[in-house]
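By convention here, the first residue in the shown sequence is residue 1. Because only heavy atoms are used, hydrogens play no part in the values below, and waters and symmetry mates are left out as well, while side chains stay in.
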Amino acid sequence: MTDSSVQIRMASPADRDTVTRVFHDAGLDTDATLADGTTYWVMERGGQPVGAIGLEHGEGASLLRGAAVLPEARGGGLGRRLVMSAVEYAQGRGDRAIYMFSKGATGAPSGSSRCRWPS
């Protein structure tokens with residue numbers, strides 16, 4: 001589903017509260033929001049924030065710091081659009097992989113994944 005009223009833009013320092021709120025509402029850690037060495041994006045529908053995603057950059061790889069879509073905006077493929085935007089950015093900067101860690105329902109670490117693409 002394509003929603004032309006949805007825009008994804010790179011977050012600026014002025015977006016810190018927005019990214020923090022979206023992540024908090026999704027139960028994600030917000031300690032490193034917009035820290036040095038990171039890139040974040042805000043997804044807006046009709047000018048209102050509905051999602052956010054962030055990458056922490058390393059040499060040749062990035063770590064997914066978080067990805068969230070607000071509950072009222074879920075179910076339309078917006079999360080996939082956020083993730084694909086971050087993957088395209090990582091590829092463009094020359095990353096060979098993106099890593100992510102997940103938490104279980106109790107907040108305890110439950111696993112990790114790596115997304116790689118051919119060189």
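Here the closest heavy-atom approach between residue Ala67 and residue Leu28 is recorded as O-CD1, 3.6 Å. Leu70 and Pro49 get closest at one heavy-atom pair: CD1-O, 3.4 Å. Considering all non-hydrogen atoms of both residues, Arg93 and Ala61 come closest at NH1-O, 4.1 Å. The heavy-atom pair separating Val6 from Arg81 by the smallest distance is O-NH2, 3.5 Å.
Rounding to the nearest 0.5 angstrom, the gap separating the CD atom in Glu44 from the OG1 atom in Thr18 is 8.0 Å. Rounded to the nearest 0.5 Å, atoms CZ (Arg9) and OG (Ser85) are 13.0 Å apart. Here CG of Leu63 is found 8.0 Å from CG of Leu55. Values are rounded to the nearest 0.5 Å. Phe23 contributes atom CZ, which lies 7.5 Å from atom CD1 of Ile53 (distance to the nearest 0.5 angstrom).
Of the possible donor and acceptor atoms, one in the side chain of Asp15 sits under 3.5 Å from a partner among the backbone N and O of Ser12.
With contacts defined as side-chain heavy-atom distances shorter than 4.5 Å, the pair Ile98/Gln91 does not qualify.
Heavy atoms of other residues, nucleotides or ligands lying less than 6.0 angstrom from CZ of Arg80 number 12 at most. Within 6.0 Å of CD on Glu59 lie no more than 12 heavy atoms contributed by other residues, nucleotides or ligands.
Sorted by first and then second residue, the side chain to side chain donor-acceptor pair (under 3.5 Å) pairs with a member in residues 32-41 read Thr39-His57; sequence neighbours excluded.
Placement of Met84 and Val22 in two distinct hydrophobic clusters is found when ILVMFWY residues are connected by side-chain heavy-atom separations under 4.5 Å, directly or transitively.
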